[in-house]
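Basis for what follows: all heavy atoms, side chains included, without hydrogens, waters or symmetry-related copies.
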Amino acid sequence: MKGVVISVLVMVAMVQFMARPGVEATVNCQQVTTALAPCLAYLTTGAGAPPPLCCTGLGNLQKLAQSVADKQAACNCAKDAASRVPNIKEDAAASLPAKCNIQVNFPISKNTNCQE
């Protein structure tokens, strides 16, 4: 469960920002997991609103993942975690940025290609 939430949020953070190419990744899987763990219940049920700590974590992850390498690392960590939580609701993941008042201009899915 935790993994899926993390994957979705990481993908959102990674895709949202244009980054400086050629920079080494500084984001690690522990940071991704910690930032997105509060979103797990929302992403698996889709009920209500995401908790404030979820939105804070998503925003913090977005700030951490500035370079292309950071975004790819965060995305890969999230996808790995998501693979262990099969009951993530795609519609809840897609609505998370809007519910957290974070602007993204792309679809959010656990099928996102982390190399793009």
Flag, side chain of Q31 to backbone of N28, donor-acceptor distance under 3.5 Å: yes
List for me each residue that meets side-chain hydrogen bond (donor to acceptor under 3.5 Å, both in side chains) alongside Q115, sequence neighbours excluded, and say none if there are none. none
Which pair of non-hydrogen atoms, one from Y42 and one from A47, has the smallest distance, and what is that distance? CD1-O, 3.6 Å
When you measure from the side chain of S83 to the backbone of D80, do you find a donor-acceptor pair of N or O atoms at a distance under 3.5 Å? yes
Which heavy-atom pair separates A93 from L43 by the least distance, and what is that distance? CA-CD2, 3.6 Å
Under 3.5 Å, side chain of N87 to main-chain N/O of T44, donor-acceptor pair present? no
Closest approach of D70 and L64, non-hydrogen atoms and distance? OD2-O, 3.4 Å
Less than 3.5 Å apart, which donor and acceptor atoms pair up between the side chains of residues 48-60 and the rest of the protein, not counting sequence neighbours?
| unit_1 | atom_1 | unit_2 | atom_2 | d |
| --- | --- | --- | --- | --- |
| T56 | OG1 | P52 | O | 3.0 |
| N60 | ND2 | T56 | O | 3.4 |

Output for pair (N113 CG, K79 NZ), nearest 0.5 Å, gives 6.5 Å
